[in-house]
Amino acid sequence: MQQTFTKSERLCSKKVLGELFKKGSASGQPGLAQTFYLFPFRVLYLPQDPESPPGWPAIVITVPKRTFKRAVDRNLIRRRVREAYRLNKTSLAPNGTGPIKSSPASIAFLYTAKQIISFEEIEKGMKLALKKL
RNA sequence: AAUCCAGACCGGCUUAUCGCGUCCGAGCAAUCGGGCGAGGAAAGUCCGGGCAGCGAAGAGCACCCUACUUCCUAACGGGAAGGCGGACGGCUGGUGACGGCCGUUCGACAGCCAGUGUCACAGAAAACAAACCGCCGAAAGGUAAGGGUGAAAAGGUGGGGUAAGAGCCCACCGCCCGUGGGGCAACCAAUGGGGCAGGAUAAACCUUAGGGGCUGAAAGACCAAAUAAGCGUCGGACGUGCGGCUGCUCGUCGCCAGCGGCUCGCAAGGGCCAACACCGACGCGGGUAGGUCGAACGAGGUGGUUGGUGACAACCAUCCCAGAUAAAUGAUAGGCCAUCCGGUAACGGAGGACAGAACCCGGCUUACAGGUCUGGAUUGAGC
RNA sequence: AGCCCGAUAGUAUAAGGGUAGUACGACAGAUUUUGGUUCUGUUUGUGGAGGUUCGAAUCCUUCUCGGGCUA
């Protein structure tokens with residue numbers, strides 16, 4: 001049971017991020033970023049390059065400054081979301097060995113709720129979102 | 001013990017499991033083991049430094065900042081001690097104006113007898129002085145006691161004096177000038193003289209004294225990769241030119257080549273014009289947005305001794321104490337400690353202030369549940 | 001992270017330290033059969049706190065909010 005969360009699973013490249021958000025605005029077409037809403041998130045993801053070997057997806061978590069003015073609140077939400085992903089990401093690998101080809105390469109979780117919600121609720125939303133992916 | 005005031009400090013603790021960042025060690029590697037891992041404000045960016053780059057790292061002016069004194073400090077607009085002044089409370093002196101002592105607390109606290117400006121309304125009059133009512137006088141005129149206005153009206157109180165009055169005269173209070181004394185100084189107390197200079201405002205211009213070059217780690221250095229060497233507009237030829245570390249002046253540094261055409265001249269040499277190139281500025285287009293250093297040993301922390309009223313300094317011992325970069329410091333489950341609610345109690349339930357490092361320090365300011373300590377005041381109780 | 005500006009009525013914008021205006025709105029009334037146009041009147045404000053001053057939108061300090069610039 002893999003529950004780690006290393007540097008390679010974080011989406012850091014400005015280029016990839018720009019691509020993800022740019023393509024995400026024109027969703028629906030095949031080959032581009034897909035998006036769906038599921039409380040408390042809006043999820044954006046890019047499919048994997050079929051040439052490269054399958055690996056764990058790189059993710060990014062976003063909490064808007066507009067709704068949460070204090071840095072402490074944003075940090076708390078970001079950490080809860082990341083923890084929920086870390087504990088449940090094995091559902092992306094149903095065979096138990098590793099991620100399958102069809103799982104996405106990069107995912108963005110945009111936090112859309114207006115209040116700080118508890119870890120249990122975030123985890124519930126995260127399980128549903130990963131199932132959908 | 002309670003309340004209030006002033007100052008200083010703490011700001012949840014702990015166990016287990018799963019994780020994250022970084023450093024060290026082991027290992028060929030996968031990985032394993034160990035150490036450390038947010039704050040008193042990390043915040044606001046209001047000051048001061050370190051550090052870095054930038055014209056001679058030039059000068060003067062402008063501009064900006066500071067403002068009782070002495071000291072502390074790397075420096076400061078910060079701090080300490082002292083002085084002076086105000087407010088409040090208590091006691092107290094004097095007929096009165098006005099003082100004296102003690103305590104608490106506050107003060108951007110240099111200079112409007114260098115100059116200039118402003119002072120609405122009201123009021124006779126707002127600073128050169130004058131005179132509305134009034135008072136005195138037969139009048140000419142004298143007067144600034146009283147009235148009222150205002151934030152402010154040309155010293156005040158008591159007495160003498162006078163036609164009525166007035167520093168006109170006297171005493172005291174205040175003010176100004178001087179003398180010697182104490183104190184490093186701000187200033188203090190004493191003493192002599194002068195009937196008295198003369199409103200407020202400098203967080204108004206200003207004066208005096210002192211200080212400030214500018215820009216900030218997205219500074220800056222290096223490695224790697226990639227694009228371009230293209231287009232457009234404007235400007236430029238030894239000058240009243242363009243550019244450069246805010247502005248202005250001076251200075252200084254850099255740049256300004258060659259060719260052609262027309263023309264003046266006997267010539268040396270000069271003038272004008274166009275295009276291209278060059279240089280500079282701005283814009284468009286296109287490319288890259290990876291890594292290393294800066295950057296974690298410092299005006300460092302803790303403890304002690306000595307000096308100093310104190311801020312602080314010196315010396316000795318000891319410790320290494322976050323270092324990320326789309327950015328770690330988290331999640332879950334227990335126990336404890338405060339707090340709140342219900343309950344006589346056992347107990348049950350809720351639930352942890354303000355707030356998250358980003359080059360580093362010293363301050364200031366602002367936010368903050370609850371708690372601890374010290375000093376002072378008042379009230380109550382006991383011995 | 002650093003730096004720089006700004007805040008006046010519902011909106012836009014003035015105001016030498018001395019009664020806070022102007023325009024468009026909104027509301028009411030008049031004109032009109034009704035509505036519009038037009039005319040008259042009314043309403044509403046200096047972001048908060050403290051200080052300097054006799055007196056502050058203005059000067060100073062501080063907080064809050066909003067905006068902008070910097071590879």
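A, B, ... follow the sequence lines: proteins, then strands. Residue 1 opens every chain.
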- Item | Spacing of Asn88(A) atom CG relative to G330(B) atom C1', expressed in whole Å | 15 Å
- Item | Identity of whatever pairs with A166(B) - Watson-Crick or G-U, under 3.5 angstrom | none
- Lys127(A) NZ to A331(B) C1', straight-line distance once rounded to whole Å: 13 Å
- Nearest to the side chain of Glu83(A), which nucleotide is it out of A357(B), G330(B), A38(B)? G330(B)
- Query: For G77(B), does the glycosidic angle fall within 90° of 0 (syn) or outside that (anti)?
  - Reply: anti
- Side chain proximity check, Met126(A) to Phe41(A), heavy atoms < 4.5 angstrom: yes
- Verdict with supporting geometry, Phe68(A) and Leu76(A), side-chain contact (heavy atoms from CB on, under 4.5 Å): CA-CA 11 Å; Phe68(A) 302 97; Leu76(A) 179 66; over 6 Å; no
- note: Asp73(A), atom CG; C354(B), atom C1'; distance rounded to Å ~ 12 Å
- Task: Kindly determine whether Asn75(A) and Arg78(A) satisfy side-chain contact (heavy atoms from CB on, under 4.5 Å), including the steps that lead there.
- Result: CA-CA 5 Å; Asn75(A) 277 347; Arg78(A) 178 165 48 81; 2.6 Å; yes
- Rounded distance in Å between the C1' positions of C119(B) and G193(B): 38 Å
- Query: So, is C321(B) syn or anti if syn means the angle is within 90° of 0?
  - Reply: syn
- Could you check if the base of G21(C) is syn or anti? Syn means the glycosidic torsion is within 90 degrees of 0. anti
- Query: To the nearest Å, how far apart are Leu76(A) CG and A38(B) P?
  - Reply: 17 Å
- Message: With a 3.5 Å limit on both atom pairs, tell me what A153(B) is paired to, counting Watson-Crick and G-U wobble, or say none.
- Response: none
- Item | Electrostatic pair Glu83(A)-Arg86(A), nearest N-O below 4.0 angstrom | yes
- Query: How far does the C1' atom of A296(B) sit from the matching atom of G53(B), given to the nearest Å?
  - Reply: 23 Å
- Note on the structure: By the Watson-Crick or G-U definition, both distances under 3.5 Å, C71(B) is matched with G79(B)
- Task: Mind checking Arg70(A) for me? I need base, sugar-phosphate or nothing, with any heavy atom below 4.0 Å counting as a touch.
- Result: sugar-phosphate
- Message: Could you tell me the Watson-Crick or G-U partner of A16(B), where both distances fall under 3.5 Å? Say none if there is no partner.
- Response: U332(B)
- Item | Enclosure of Phe36(A) CZ (heavy-atom neighbours >12, cutoff 6.0 Å) | yes
- Query: So, is Arg78(A) close to the A328(B) phosphate, meaning a side-chain N or O under 4.0 Å from OP1 or OP2?
  - Reply: yes
- Base paired to A322(B) (Watson-Crick or G-U; both N/O distances under 3.5 angstrom): none
- Between CG of Asn75(A) and P of A38(B) the distance, given in whole Å, is 14 Å
- Task: Rounded to whole angstrom, note down the C1' distance from G362(B) over to G60(B).
- Result: 35 Å
- Roughly how far apart, to the nearest Å, are C113(B) and A108(B) at atom C1'? 26 Å
- Message: Partner lookup for U95(B), please. Criteria are Watson-Crick or G-U wobble with both distances under 3.5 angstrom; report none if nothing qualifies.
- Response: none
- Query: Is the base of A295(B) syn or anti, where syn means the angle lies within 90° of 0?
  - Reply: anti
- Task: Determine whether Val72(A) and Ile117(A) fall in the same hydrophobic cluster, where Ile, Leu, Val, Met, Phe, Trp and Tyr are linked whenever their side-chain heavy atoms lie under 4.5 Å apart.
- Result: no
- Pick the P atom in C13(B) and in C297(B), then give their distance to the nearest Å. 26 Å
- Query: What is the nucleic acid contact for Arg82(A), judged by heavy atoms within less than 4.0 Å: base, sugar-phosphate only, or nothing?
  - Reply: sugar-phosphate
- Query: Mind checking the P distance from U8(C) to G47(C)? Whole angstroms is fine.
  - Reply: 6 Å
- Rounded distance in Å between the P positions of G39(B) and G330(B): 11 Å
- When the distance from CG of Leu110(A) to C1' of A326(B) is rounded to whole Å, what number comes out? 13 Å
- Task: Look through every strand shown and name the nucleotide pairing with G103(B) as Watson-Crick or G-U wobble, where both distances are under 3.5 Å.
- Result: C88(B)
- Item | Between A131(B) and A126(B) - P atom distance, rounded Å | 13 Å
- Scan every strand shown for a Watson-Crick or G-U wobble partner of C231(B), both distances under 3.5 Å, and answer none if you come up empty. G283(B)
- Whole-Å distance between A42(B) P and Arg74(A) CZ? 19 Å
- Query: When only distance counts, do a donor and an acceptor, one from the side chain of Arg86(A) and one from the base of C18(B), lie under 3.5 Å apart?
  - Reply: yes
- Task: Can you tell me the distance, in whole Å, between the CD atom of Glu121(A) and the P atom of A331(B)?
- Result: 16 Å
